[in-house]
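I have placed the structure first, in the form of structure tokens, so that the comments after it can refer back to it.
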Amino acid sequence: MRVLVTGGAGYIGSHAVLSLLGAGHDVLIVDSFATSSPRVIKRLEALSGRVLHVIERDVRDYEAMRGVMASWVPEAVIHFAGLKSVAESVADPALYYDVNVGGTVSLLRAMAEIDCSKIVFSSSATVYGTPEYLPYDEAHPTNPVNPYGRTKLVVEQLLGDWIGAREGRAVTALRYFNPVGAHPSGEIGEDPSGVPNNLMPYIAQVAVGRRPHLTIFGDDYETRDGTGERDYIHVMDLAEAHVAALMHLATGERMQIFNVGTGQGITVREMVRAFEETAGVRVPTEIAARRAGDLPRFFADAARARDMLGWMPSRDLHDMCLDAWGWQSRNPGGYDAQEDAA
Ligand code: UFG
């Protein structure tokens, strides 16, 4: 299929591009490179053995997106482009609504110009909010507790309205749990700018010597060992879920929503231990107060994706740690610390 991938140079987008190319799809990446590195592109080309189509544009730029649509004429769009820091969304909600909601509005308007009617959207488990029961299934009430989560829910609602407006439109929204790990080559991976917000990149940066210790945010939760429990999903499994989601768009279902997780909760301490064992490196930790806004524990009921998409995660905790470490140890300073010698 001819696919336009927004945010295709980002962490999840770049891994998904590899899976899409591997499955035989034709891909155009549209990325502003505001939160990703252009160096990703060369790595993707080396890994895939293909010359990539890439356009540097901001999805909020409607006129630019019209031009892109008119020249590429995608059969479907996979929409990754967006901002994802909960803390930043609290500090600057207008920015998050502008990029995440405004960007989608601009994209959908540009798609309408060429009658492109299929989209896969990157949503988040954060739309559920405080669990009323666990595991979260897709029918769990949605009540996000921060602006970031609300932008994801608003876009899901927008997409629900969008499909109703014209025959033949189809949406698959994937609610990601906690993506971690990297491509097994260690050539692409997660490269947050500044201090990582998320657990796995933080652990990896401690392991590689960039930071002295991991701060564990709270050890007094009602979990197995007192630390926060999450459903971590290998980014390559998540990437493959997008290939399945793309195929699902053709089934005639108008709007489908799927959890993408493993269904298994892992605590912070369990993750640290698994990483230490896999990498053979010590990761010193210090306990601090709970982080504002953190939930004690949540994990997915992923049965729907299995039953309807035919997708199942195949990588385990060891693979997640091994590949996160492979990326971090080969690229200790991330993409932009590397010399592009070639
Ligand atoms: N944690 C630490 N120390 C750190 C970072 C995280 O102890 O330095 C703990 C957190 O307290 C939490 C767990 O590790 O218990 C996971 O934290 P992450 O920040 O990696 O992930 P979150 O579940 O908080 O957030 C992620 C995404 C959000 C998304 C949310 C729900 O980053 O964008 O999942 O889907 F909103």
Side-chain angles (χ1 to χ4, degrees), residues 7 10-12 35 80 82-90 96 99-100 122-131 134-136 138 140 142-153 155-156 173-181 190 192 194-207 210-235 238 257-262 264-275 283-300 302 317 320-321 324:
Y11 171 45
I12 299 166
T35 54
F80 293 103
L83 297 175
K84 62 170 186 179
S85 158
V86 171
E88 192 183 31
S89 79
V90 173
Y96 271 65
V99 174
N100 293 359
S122 299
S123 191
S124 167
T126 198
V127 297
Y128 294 119
T130 306
L134 284 172
Y136 291 129
E138 291 84 352
H140 186 283
T142 48
N143 189 19
V145 295
N146 55 62
Y148 163 69
R150 282 188 282 273
T151 65
K152 289 292 178 187
L153 186 58
V155 172
E156 285 192 7
L174 301 180
R175 290 179 176 163
Y176 307 160
F177 281 68
N178 289 58
V180 294
E190 187 170 13
V195 181
N197 290 314
N198 297 115
L199 179 65
M200 185 63 115
Y202 207 108
I203 290 177
Q205 291 192 10
V206 172
R210 266 171 82 175
R211 306 191 186 274
H213 63 264
L214 169 76
T215 304
I216 297 180
F217 298 133
D219 67 348
D220 55 353
Y221 286 111
E222 279 184 33
T223 59
R224 286 188 287 283
D225 58 23
T227 65
E229 184 179 333
R230 294 289 183 275
D231 183 339
Y232 297 94
I233 172 93
H234 194 295
V235 68
L238 178 56
I257 296 179
F258 297 102
N259 285 340
V260 187
T262 64
Q264 201 201 342
I266 305 288
T267 68
V268 176
R269 283 195 208 280
E270 287 166 349
M271 183 60 95
V272 170
R273 204 174 314 125
F275 195 98
V283 176
T285 58
E286 279 184 13
I287 307 296
R290 295 178 178 191
R291 182 169 65 178
D294 270 357
L295 292 167
R297 63 195 290 257
F298 62 83
F299 47 94
L317 183 58
M320 297 178 203
C321 294

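Residue numbers count from 1 along this sequence. Just so you know, ligand 1 is whichever comes first in the structure, and atom 1 is the first atom listed for that ligand. Everything numeric in this text was worked out from a predicted model, so none of it was measured.
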Residue and atom name of the nearest protein heavy atom (relative to atom 20 (O) of ligand 1), distance in Å to one decimal: Leu199 N, 2.8 Å

Is the closest heavy atom of Tyr221 to ligand 1 under 4.0 Å? no

Indicate whether the side chain of Glu229 and that of Thr223 have a donor and an acceptor atom separated by less than 3.5 Å. no

Tell me whether ligand 1 is touched by Gly149 - counting only heavy atoms on the residue side and a distance under 4.0 Å. no

Any cation-pi pair here, Arg290 with Tyr221, using under 6.0 Å and within 45°? yes

Subset of ligand 1 atoms that lie under 4.0 Å from at least one heavy atom of Lys84: 33 (O)

Report the part of Arg230 in contact with ligand 1, treating N, CA, C, O as backbone and CB onward as side chain, heavy atoms under 4.0 Å; options are side chain, backbone, both, neither. side chain

What are the two closest non-hydrogen atoms of Thr227 and Arg269, and how far apart are they? OG1-N, 3.3 Å

Tell me the nearest of Phe177, Phe217, Phe298 to atom 2 (C) of ligand 1, using heavy-atom distances. Phe217

Please examine the side chains of Val155 and Ser123, heavy atoms only from C-beta on, and report whether any two atoms are closer than 4.5 Å. no

Is ligand 1 under 4.0 Å from a heavy atom in the side chain of Tyr128, in the backbone, in both, or in neither? neither

Which heavy atom of Arg297 sits nearest to which heavy atom of Leu134, and what is that distance? O-CD1, 3.6 Å

N/O of Thr215 under 3.5 Å from N/O of ligand 1, yes or no? yes

For atom 27 (C) of ligand 1, the protein heavy atom that lies nearest, with its residue and separation: Asn198 ND2, 3.9 Å

Got the closest protein heavy atom to atom 35 (O) of ligand 1, with its distance? Ser124 OG, 3.1 Å

Are Asn197 and Pro192 packed together at the side-chain level, in the sense that at least one heavy-atom pair is separated by less than 4.5 angstrom? no

Glu138/Arg175 salt bridge by N-O under 4.0 Å criterion: no

Do Tyr176 and Ser122 have a side chain donor and acceptor closer than 3.5 Å? yes

Identity and separation of the nearest protein heavy atom to atom 15 (O) of ligand 1: Gly228 CA, 3.4 Å

Any heavy atom of Asp294 under 4.0 Å from ligand 1? The part involved is side chain

Min over Lys152, Arg291, Arg297 of heavy-atom distance to atom 17 (O) of ligand 1 lands on Arg291

Among Val195, Leu83, Val86, which one has a heavy atom closest to atom 28 (C) of ligand 1? Val86

Proximal candidate to atom 22 (P) of ligand 1 [heavy atom criterion; set Thr285, Thr126, Asn197, Asn178]: Asn178

Distance-only side-chain donor-acceptor flag, Asn146 / Tyr96, under 3.5 Å: no

Less than 4.5 Å apart, side chain to side chain, heavy atoms only: is that true for Met200 and Tyr232? no

Do me a favour and list the nearest non-hydrogen protein atom to atom 14 (O) of ligand 1 with residue, atom name and distance? Val268 CG2, 3.5 Å

Taking atom 16 (C) of ligand 1 as the reference point, the nearest protein heavy atom with its distance: Tyr232 OH, 3.4 Å

When you compare the side chain of Phe298 with that of Asn178, does any pair of heavy atoms fall below 4.5 Å? yes

Which atoms of ligand 1 have any heavy atom of Ile216 under 4.0 Å away? 7 (O)

Tyr136 vs Phe177 aromatic rings, parallel, tilted or perpendicular, using cut-offs 30° and 60°? tilted

Looking only at distance, does Leu214 have an N or O less than 3.5 Å from an N or O of ligand 1? no

